[in-house]
Number of protein chains: 2
Amino acid sequence: MNINEELKEFILHGYRQYIPHVSIDCAIFGYHDRQLKVLLIKHKFLNGWCLPGGYIKRTEKLVEAAGRNVKERTGIEGLFLQQFKTFGDPNRANTDKFDEEKWFALTGIRMTPDNWLVDQTISVGFYAITDFSLSVPQPGIMAEACTWFDIHAIPHLEFDHDEMVKEALHTMRVQLYHYPIGYNLLPEKFTLSDIHSLYETLLEKKLDISNFPKKLITLGLLKKTTEKRNIGAHRSPHLYRFDKARYDQALSEGLVLS
Amino acid sequence: MNINEELKEFILHGYRQYIPHVSIDCAIFGYHDRQLKVLLIKHKFLNGWCLPGGYIKRTEKLVEAAGRNVKERTGIEGLFLQQFKTFGDPNRANTDKFDEEKWFALTGIRMTPDNWLVDQTISVGFYAITDFSLSVPQPGIMAEACTWFDIHAIPHLEFDHDEMVKEALHTMRVQLYHYPIGYNLLPEKFTLSDIHSLYETLLEKKLDISNFPKKLITLGLLKKTTEKRNIGAHRSPHLYRFDKARYDQALSEGLVLS
DNA sequence: GCATTATTTAGTAAATTTTACAAAATGAAG
DNA sequence: CTTCATTTTGTAAAATTTACTAAATAATGC
């Protein structure tokens, strides 16, 4: 089956493999060099941007469907993925940007009202965080673009995806205070400055340069290694690593950062 | 259309009015007199207990579907309803308790594999809290029982509802620390003792009798009224009420109880 | 009336945590 | 071997939490 055949099969009979009426959407936040971005895609048949997402295979758990989507768009596997909210307002899919001609040009199929893709869909929102410099954004066959947007320069999004981004960002920031985040975002060994600027970037908030790392160390989350990093004409900072046992415990039990 | 006709219509053509493959389930917590309970139902055709739930009308928002279910089972409207998680594991609906003969006796319809009710379903979990003494549990036509169970004496539940209750309880307790709860659970005017024991019951945890109310007052959440309640041979406690503006602000912005 | 009593409130001191800031340590560069 | 930017430790003040004491109070029973 070539790609075109596969696409036709999906459009006409996708409901055999995927659950109709339910999708997942992913707000993938990208961090690098004190910048915070979000990954958006532009479908070939929709004249507007939206969050990457897709249907759920009948054999998949929700988070696995989200992980598959994240991997397809970024090439990255094993990210911290968190369900944040499910969206189901009756009018959430309203868009005037669907271009029937572009759809036909792409698929060779006229969309009919009885097609399984047309009906009302509830969507489960997940967010993820990654280092965007490690990603290789892939539009895939349905999209013409897949791009990182600065968090402050997000265009108006299709469907209810504006609200999704807002909710995802809110949940992510609340959870930053209650769960350790960084295991997938920082190299195995990193400096206190690295993790400090990671949190400052994600929260868009100043955190005391002296007290913040102290807190992490007091909580037992970080362990000092014997190595140092040479950063030029200054004092070389120690390298730290997460105490995995303590980190996982904090993930399941929660903690309180201030 | 009589009730039986309506039921048949639902089974055979419900997908016209309801969205297939998606449902909501409600963990309705009941509080009264320092007891914490949860409302369970026993379907006529399932030999086990489970959470009340149902399908979503095509015209409804998710929370409206949950509210409709809560009202149908308890008679109470306008409860604080909170989405806590969506469940979609492929094997979540596994049960050996479905009794085909009881189903046929109830509905007069043989369940066929192509029926819209049979296929895999994703369920959006909501929790609610109410004063169970104000409720009038209604089994409805599908269930033979609808009963409050003490939180420590919950039977094993069908499907993945054991996990749902656990998650709902966890979310409820986390949110108790971050949002004010009580507006729907206490009469308009109540004593500091009332709200103190409400929180102790929901959290199953001792809260200092002197410091806890002080915190609520300091946060501006409570306002003292001029009235007092006569409780017998003791000092009469003042009646308080929520400062609605401050309460709503705390609901949207969050707060921190310790 | 008036002492008794159980409970509600207010008060406060100690303990702890957070915050803000100062100063010392460090290591490369000139 | 001094300078410098940055990391790291130290610490004092401020704020909050916690634990406990004591005062206020209102009905009751004598």
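Naming: A, B, ... by sequence-line order, numbering from 1 per chain.
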Salt bridge (Lys or Arg N to Asp or Glu O under 4.0 Å) pairs, two or more places apart, involving residues 248-258 of chain B
B/Lys244-B/Asp248
Just wondering, do B/Tyr127 and B/Gln175 contact through their side chains at under 4.5 Å, heavy atoms?
yes
Check: B/Asp89 side chain, B/Asn91 main-chain N or O, donor-acceptor pair, under 3.5 Å
no
What is the distance from NE2 of B/His196 to P of C/dT9, rounded to the nearest Å?
13 Å
Nearest-Å distance for atom pair CG/C1', residues A/Leu239 and D/dT7
13 Å
Under 4.0 Å from OP1 or OP2 of C/dG27: is there any side-chain N or O of A/Asn230 that close?
no
Could you tell me how far apart B/Arg229 (CZ) and D/dT25 (P) are, to the nearest whole angstrom?
20 Å
Of the candidate nucleotides C/dG27, C/dA22, C/dT8, which contains the atom at the shortest distance from the side chain of B/Ile209?
C/dT8
If the cut-off is 4.0 Å, is A/Ser193 near the phosphate of D/dT7, judged by side-chain N/O to OP1 or OP2?
yes
Within the structure shown, what part of the strands sits under 4.0 Å from A/Thr191 by heavy-atom distance: base, sugar-phosphate, or nothing?
nothing
Quick one: are the ring centres of B/Phe80 and B/Phe29 less than 6.0 Å apart?
no
Starting at the 5' end of DNA chain C, which residue's closest nucleotide do you reach first, B/His234 or A/Ser236?
B/His234
Between the main-chain N or O of A/Glu163 and the side-chain N or O of A/Asp160, is there a donor-acceptor pair closer than 3.5 Å?
no
The side chain of A/Arg235 lies closest to which of these nucleotides: D/dT25, D/dT6, D/dT9?
D/dT6
Roughly how many Å is it from CD1 in B/Ile217 to P in C/dT8, rounded to a whole number?
13 Å
Does B/Thr201 offer a backbone N or O that forms a donor-acceptor pair with the side chain of B/Tyr31 under 3.5 Å?
no
A/Lys228 has an atom NZ; how far is it from atom P of D/dT6, in whole Å?
17 Å
How many Å lie between NZ on B/Lys224 and C1' on D/dT25, as a whole number?
12 Å
Separation of atom CG in B/Leu216 from atom P in C/dA10, rounded to whole Å:
13 Å
Could you check whether A/Arg68 pairs with A/Glu72 (Lys NZ or Arg NE/NH1/NH2 to Asp/Glu carboxylate O, under 4.0 Å)?
yes
Under 3.5 Å, is there an N or O donor on one side and an acceptor on the other linking the side chain of B/Ser210 and the base of D/dA19?
no
Round to a whole Å and report the spacing from CG of A/Asp194 to C1' of D/dT7.
13 Å
Hey, what are the protein-to-nucleotides 16-18 of chain D N/O distances that come in under 3.5 Å?
| residue | atom | partner | partner atom | Å |
| --- | --- | --- | --- | --- |
| D/dT17 | OP1 | B/Lys215 | NZ | 2.9 |
| D/dT17 | OP2 | B/Lys215 | NZ | 2.9 |
| D/dT18 | OP2 | B/Ser258 | OG | 3.3 |

